[in-house]
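Atom set for the values below is all heavy atoms of this structure, side chains included, hydrogens, waters and symmetry mates excluded.
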Amino acid sequence: HAREGERQTKARAAHEHAQPHDLQQAGQRKRPAHRLRGHPSPIRAWFQRKAVEQRGNQADVEDDRRGGGGGKARKGVKHRCDPRRARLPQALQEAGYRTAVFGKWHLRCDPVGFDDWDVLPGQGHYYNPDFRNAEGRRRVPGYVTEIITARSRDWLRARAAEKRPFFLMMQHKAPHRNWMPGPTELELHRDGDLPVPATLFDEGENRTVAFGRSEMSIARHLFWHYDLKVPTRYHEGLPGPVMKGRWARGEWDRMNDAQRATFTEAYREENEALARVQPRWRSLVHWKYQRYVKDYLRCVAGVDRSVGV
């Protein structure tokens, strides 16, 4: 059923695909645009192509492990990113559009069909992230959301006098895990708890086997330091996984002293209360959920603010 549903989705997308001159004259809203699989890399690849070809377990995407994360390659999966295949940006270029992409990329190839591009290697980082373009790779000081928006805004302003239509992909990292808010949003949602979903304490009764095998639960799979921003001295004695290795401190080590001090201070009072109270089971799951959902919303608020919402 999933394969048939995906086939129908591709057929609808191909039917609704707009010719470049149609976009230039009147514009078009792609509605609906659905993917049965919510993985971000395939979605980014799909959006750029006129059609998606995915045979069996072959996908035209791959994580860029050279620049930060992406997980393990699945056994039996062949990944590729072929720049010769027709893509939407190339078609628009040929029709006279100016094209650009800034921000998240996470595909194992350089952007093709773009006059200008500046993208995050791999998953990218929230603070002082690396970017790469045709000239190479460099580290940019600041918060990633603000950097991507500013880069996109500057590109638009530099071409304000042009009479050509444009195609700009501004692809934010936020609110991807590990949900690190920018300095302006750190104090949001500090005045009380947010509502919790009815399934927060669901233990899997009457659920499929997949529920028990999930590795994305609030209770069992949020890392103390990496996800929840709780240093070891505050969570000693509390149940929960601890990440080790370069990803455990990758974001923290990129911060300068001022950024790290501001970030640590924003969570200090809540972390001290956690260490003092030592909550268990439902109280602990509730605490983890509040930390997660508030950081998620802080990251989203940063995107909204940066684009003028």
Side-chain angles (χ1 to χ4, degrees), residues 29-35 37-44 46-47 68-70 101-106 118-120 122-129 131 140-153 156 168-200 216-218 221-230 247 250-252 254-255 259-260 262-267 270-271 285-309:
R29 169 184 261 172
K30 285 195 66 64
R31 182 181 180 186
H34 301 297
R35 282 282 302 183
R37 299 169 187 155
H39 303 300
S41 292
I43 290 174
R44 278 190 294 274
W46 172 85
F47 184 76
V101 58
F102 303 117
K104 189 73 174 284
W105 184 247
H106 208 195
D118 205 9
V119 298
L120 298 166
Q123 291 287 3
H125 294 274
Y126 276 104
Y127 281 82
N128 306 325
F131 278 80
V140 181
Y143 184 64
V144 68
T145 297
E146 297 170 358
I147 295 169
I148 293 170
T149 298
R151 184 73 175 87
S152 302
R153 182 181 61 243
L156 288 173
L168 169 64
M169 299 182 72
M170 182 176 70
Q171 305 189 153
H172 280 291
K173 171 181 172 61
H176 195 284
R177 191 176 187 177
N178 59 338
W179 317 292
M180 294 189 73
T184 306
E185 282 69 45
L186 278 171
E187 295 305 318
L188 293 178
H189 307 297
R190 299 283 179 184
D191 56 351
D193 287 349
L194 297 176
V196 302
T199 57
L200 180 60
M216 298 185 71
S217 73
I218 298 295
H221 299 112
L222 292 181
F223 292 100
W224 277 113
H225 197 207
Y226 181 69
D227 294 319
L228 297 171
K229 295 82 178 178
V230 180
W247 274 101
E251 292 283 359
W252 301 86
R254 283 180 166 266
M255 292 180 171
Q259 290 169 333
R260 195 177 298 112
T262 299
F263 202 92
T264 301
E265 180 60 24
Y267 295 94
E270 293 178 0
N271 288 344
V285 174
H286 183 275
W287 190 95
K288 289 182 177 182
Y289 176 77
Q290 293 298 324
R291 175 60 58 89
Y292 152 71
V293 74
K294 290 179 180 180
D295 279 346
Y296 184 99
L297 293 175
R298 289 165 185 147
C299 289
V300 172
V303 175
D304 287 347
R305 179 182 56 79
S306 79
V307 299
V309 175

If I compare all heavy atoms of [X] with all of [Y], which pair ends up nearest, and what's the gap?
| X | Y | result |
| --- | --- | --- |
| N128 | P141 | OD1-CA, 3.4 Å |
| Q259 | R254 | OE1-O, 4.4 Å |
| C299 | Y143 | SG-OH, 4.1 Å |
| P181 | F263 | O-CE1, 3.6 Å |
| Y226 | N178 | O-ND2, 2.8 Å |

Output the distance between atom [atom1] ([X]) and atom [atom2] ([Y]), rounded to the nearest 0.5 Å.
| X | Y | atom1 | atom2 | value |
| --- | --- | --- | --- | --- |
| S306 | M170 | OG | CE | 6.0 Å |
| L168 | Q171 | CG | CD | 9.5 Å |
| F102 | I148 | CZ | CD1 | 10.5 Å |
| Y267 | D295 | OH | CG | 3.5 Å |
| I218 | Q290 | CD1 | CD | 10.0 Å |
| K104 | H106 | NZ | NE2 | 6.5 Å |

- Sorted by chain and number, sequence neighbours left out, salt bridge (charged side-chain N to carboxylate O under 4.0 Å, His left out) with R153 holds for none
Sequence neighbours left out, what passes ring pair (Phe, Tyr, Trp, His ring centres under 6.0 Å) with [X]? Give chain and number order.
| X | result |
| --- | --- |
| F223 | none |
| W287 | none |
| Y289 | none |

- Task: Kindly confirm or rule out a cation-pi arrangement of K173 over Y126, judged by NZ or CZ under 6.0 Å from the six-membered ring centre and within 45° of its axis?
- Result: yes
- Between K229 (side chain) and W179 (backbone), is there a donor-acceptor pair under 3.5 Å? yes
- Test side chain to side chain contact (heavy atoms under 4.5 Å, CB included) applied to L228 - qualifying residues, sequence neighbours left out: L222, W224, V230, K288, R291
- Listed by chain and number, what are the side chain to side chain contact (heavy atoms under 4.5 Å, CB included) partners of T264, not counting sequence neighbours? W252, R260
- Message: Consider side-chain contact (heavy atoms from CB on, under 4.5 Å). Of R298, H125, M255, which one does M180 pass it with?
- Response: M255
